S.K.: 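Structure below; questions to follow.
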There are 2 protein chains.
Amino acid sequence: MQAMSDAKKDKQSSHVPVHPDERMARLVRLAARGFNRALQLRLQTENVTFGQWIFLRILWQEDGLSQRELSDRAHLTEPTAHTALIKMEELGYIERRNVDGNKRRQHAFLTKRGWALRDVLEPLALEVNDAAMAGLSVKAQDDLRNALSVMIRNLENDEHDAAARGVRVPPTKGNTAN
Amino acid sequence: MQAMSDAKKDKQSSHVPVHPDERMARLVRLAARGFNRALQLRLQTENVTFGQWIFLRILWQEDGLSQRELSDRAHLTEPTAHTALIKMEELGYIERRNVDGNKRRQHAFLTKRGWALRDVLEPLALEVNDAAMAGLSVKAQDDLRNALSVMIRNLENDEHDAAARGVRVPPTKGNTAN
DNA sequence: GCATTAAAGATAGATATCTAATATTAGATG
DNA sequence: CATCTAATATTAGATATCTATCTTTAATGC
């Protein structure tokens, strides 16, 4: 019997035959999980959570968005955005305030501290990206992005169709695994 | 100004410029989210949760695995597997018991009910897969799987390297979004 | 301009995941 | 063969997300 390769020693590698129905879904989930873990690994050294990263990233590009706008952009619910933003205000990354005398909307504005994080965190994301892309040609990366975009659109349409048929759209509870 | 396409009306579509550092990561996460939602949408009509699906799928291929083996296969922790399996036993999908007089290991065995679910649930997964693949050639799908596999391996290596440097590997807390 | 409806946010409670600590059993070693 | 160590499962507690509900404020229609 031949010796196992390095990769095979890892207990994650599937001894298990994968359901044909789920092969692509599984790969996509595992890749997402990989990106998340790789990024969280780096963010934790700066004491920033993944959720905070998501909102920071959005604010660096569009400072002063309302909570509702932020939750939309982040694909997270308002309560989730709410608690994350409260925490980020406590941490001094943002300031929440009203604009134009509208007391309904709560807008989030980056503080000096919040802006400063950008210089620290963006390189970490770049690092993850570079690590992930190793061995993939520019064309391969391009094709990959295109194919992913097609799948995303297909699945969004599926969801819209379901919603149109009156199906309640379920939670996106946390399950990056598998 | 030209009219917006159907797709653009959706509020999810990004008015927001995406961080170059995060473009691929974001696409992968959104695709994973799409798969999860599309599947959950269908599973909920059968009162099966995503977590239960994961374990059922594994057991249909390897009945009688221990809790430890199941959590490995599912890429979930043991407490997570534990509670899921307890619940699945309550629901009558599996039976948990010892084997060979070994009182340490708890093995999970599908009941008739658990096996029967297969005929109902697998078509749903196939449906999701087909929906996701619309418009992608066989070759494109092949390339996509290859590229995803490369990324997964790259990111696993990244994690192993980090672990070797003594970095604590962080949770894979639920954040499929964005 | 007052009353109704809609929008935005806040709060409370549920769920699925995680980490850490504990208990039990099996296997290895002096 | 008695003890130590490792494996497995369990329990307890934290966290990030979700849904549902409530409150406040703005917009709209008579």
Side-chain angles (χ1 to χ4, degrees), chain A residues 11 29 32-33 36-37 39-41 43-44 47-55 65-90 96-108 168-178, chain B residues 11 29 32-33 36-37 39-41 43-44 47-55 65-90 96-108 168-178:
Chain A
K11 79 172 97 159
R29 288 188 203 113
R33 183 172 174 275
N36 287 347
R37 291 178 73 98
L39 184 59
Q40 284 179 269
L41 207 58
L43 291 179
Q44 80 180 347
N47 268 304
V48 171
T49 68
F50 183 80
Q52 289 164 11
W53 157 262
I54 294 291
F55 290 111
L65 290 174
S66 70
Q67 175 178 301
R68 162 50 81 101
E69 288 166 330
L70 280 165
S71 59
D72 279 354
R73 303 275 199 285
H75 297 281
L76 294 169
T77 61
E78 286 175 64
T80 301
H82 180 70
T83 50
L85 293 171
I86 292 283
K87 183 71 185 185
M88 288 168 74
E89 183 164 45
E90 271 174 43
R96 284 154 27 92
R97 66 167 190 272
N98 301 129
V99 168
D100 294 338
N102 187 326
K103 282 186 278 188
R104 214 159 39 165
R105 289 192 167 84
Q106 278 289 355
H107 296 259
R168 264 283 265 21
V169 177
T172 309
K173 292 273 178 54
N175 20 245
T176 305
N178 227 264
Chain B
K11 78 172 96 160
R29 288 189 203 111
R33 182 173 175 274
N36 287 347
R37 292 177 72 98
L39 185 60
Q40 284 179 271
L41 206 59
L43 291 179
Q44 81 179 347
N47 268 305
V48 171
T49 68
F50 183 81
Q52 290 164 11
W53 157 262
I54 294 292
F55 290 110
L65 290 174
S66 71
Q67 175 178 302
R68 163 51 82 102
E69 289 166 330
L70 280 165
S71 58
D72 279 353
R73 304 273 200 283
H75 298 279
L76 293 169
T77 61
E78 287 172 61
T80 301
H82 181 70
T83 50
L85 293 170
I86 292 283
K87 183 71 187 187
M88 287 168 74
E89 183 163 45
E90 270 174 43
R96 285 154 27 92
R97 65 166 191 270
N98 301 129
V99 168
D100 294 337
N102 187 326
K103 283 186 277 187
R104 211 157 43 163
R105 289 192 168 84
Q106 279 288 356
H107 296 258
R168 267 284 265 21
V169 177
T172 310
K173 293 274 177 53
N175 20 245
T176 305
N178 229 264

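Residue numbering restarts at 1 for every chain, and letters A, B, ... go by the order of the sequence lines. Remember, predicted model here, so these are calculated numbers, not experimental data.
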S.K.: At less than 4.0 Å, is any side-chain N or O atom of B:Thr80 found next to OP1 or OP2 of C:dC18? Yes or no.
M.R.: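 Answer is yes, contact under 4.0 Å.
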S.K.: When the distance from CG of A:Asn98 to P of D:dT25 is rounded to whole Å, what number comes out?
M.R.: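 In whole Å, D:dT25 P lies 10 Å from A:Asn98 CG.
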S.K.: Has A:Thr77 got a side-chain N or O lying under 4.0 Å from the OP1 or OP2 atom of D:dC18?
M.R.: yes
S.K.: Could you state the atom-to-atom distance from CE of A:Met88 to P of D:dT15 in whole Å?
M.R.: 18 Å
S.K.: What nucleic acid atoms does A:Gln106 come within less than 4.0 Å of, heavy atoms only: base, sugar-phosphate, or nothing?
M.R.: sugar-phosphate
S.K.: Check the distance between D:dA27's C1' and A:Arg105's CZ and give it to me in whole angstrom.
M.R.: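 Rounding to the nearest Å, CZ of A:Arg105 and C1' of D:dA27 are 11 Å apart.
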S.K.: Return the 5'-most residue of the pair A:Phe55, B:Pro79 with respect to DNA chain D, ranking by each residue's nearest nucleotide.
M.R.: B:Pro79
S.K.: Kindly compute the distance separating OG1 (B:Thr83) from CG (B:Leu76), expressed to the nearest 0.5 Å.
M.R.: 9.5 Å
S.K.: About how many Å separate CD of B:Glu89 and CD of B:Gln106, when rounded to the nearest 0.5 Å?
M.R.: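 The CD atom of B:Glu89 is 8.0 Å from CD of B:Gln106, to the nearest 0.5 Å.
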S.K.: Would you tabulate the nitrogen or oxygen pairs shorter than 3.5 Å linking the protein to nucleotides 23-25 of chain C?
M.R.:
residue: C:dT25; atom: O2; partner: B:Arg104; partner atom: NH1; Å: 3.1

S.K.: Which nucleotide wins on minimum distance to the side chain of B:Arg68, given the candidates D:dA12, D:dT17, D:dT8?
M.R.: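 So the side chain of B:Arg68 is nearest to D:dT8.
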S.K.: Side chain of B:Thr83 only, please: which of C:dA10, C:dT19, C:dT17 is the nearest?
M.R.: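 Closest of the options to the side chain of B:Thr83: C:dT17.
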S.K.: Do B:Arg68 and B:Asp72 have side chains that get closer than 4.5 Å, going by heavy atoms?
M.R.: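 Yes - at least one pair of side-chain heavy atoms lies under 4.5 Å apart.
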S.K.: Figure out the CG/P separation between B:Leu43 and C:dA16, and round it to whole Å.
M.R.: 13 Å
S.K.: Between atom CD in A:Glu69 and atom P in C:dA7, what is the gap in whole Å?
M.R.: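 After rounding, the gap between these two atoms is 14 Å.
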S.K.: Rounded off to whole Å, could you give me the CD-to-P distance for the A:Gln40 and D:dT15 pair?
M.R.: 14 Å
S.K.: Rounded off to whole Å, could you give me the CZ-to-P distance for the A:Arg37 and C:dC18 pair?
M.R.: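 Atom CZ in A:Arg37 sits about 9 Å away from atom P in C:dC18.
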S.K.: Output yes when at least one side-chain N/O atom of B:Gln67 is less than 4.0 Å from OP1 or OP2 of D:dA7, else no.
M.R.: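 Answer no for this pair, as no side-chain N or O of B:Gln67 is under 4.0 Å from OP1 or OP2.
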S.K.: At under 4.0 Å, does any side-chain N or O of A:Arg96 touch on OP1 or OP2 of C:dA10?
M.R.: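 It does, given that an N or O in the side chain of A:Arg96 lies less than 4.0 Å from OP1 or OP2 of C:dA10.
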S.K.: Please report the interatomic distance CG(B:Asn47) to CD(B:Gln52), rounded to the nearest 0.5 Å.
M.R.: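 So the CG of B:Asn47 and the CD of B:Gln52 are separated by 9.0 Å.
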S.K.: Would you compute the distance between atom CG of A:Leu39 and atom CZ of B:Arg29 and round it to the nearest 0.5 angstrom?
M.R.: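 Answer rounded to 0.5 Å: 6.0 Å.
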S.K.: Does the side chain of A:Gln44 come within less than 4.5 Å of A:Gln40's, by heavy atoms?
M.R.: no
S.K.: Does the side chain of A:Arg96 reach to within under 4.5 Å of the side chain of A:His82, using non-hydrogen atoms?
M.R.: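 Of all side-chain heavy-atom pairs linking A:His82 with A:Arg96, at least one is under 4.5 Å.
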S.K.: Going through the checks in order, is the side chain to side chain contact (heavy atoms under 4.5 Å, CB included) test met by B:Arg105 and B:Asn98?
M.R.: CA-CA 6 Å; B:Arg105 289 192 168 84; B:Asn98 301 129; 5.7 Å; no
S.K.: Given atom CD of A:Gln44 and atom C1' of C:dT19, what is their separation to the nearest angstrom?
M.R.: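 These atoms are roughly 13 Å apart.
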S.K.: Over all strands shown, is B:Glu78 touching base, sugar-phosphate only, or nothing at heavy-atom distances under 4.0 angstrom?
M.R.: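 If one applies the 4.0 Å heavy-atom cut-off, B:Glu78 turns out to touch a base.
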S.K.: If you check every side-chain atom of B:Leu76, which of D:dT17, C:dC18, D:dA20 has the closest atom?
M.R.: C:dC18
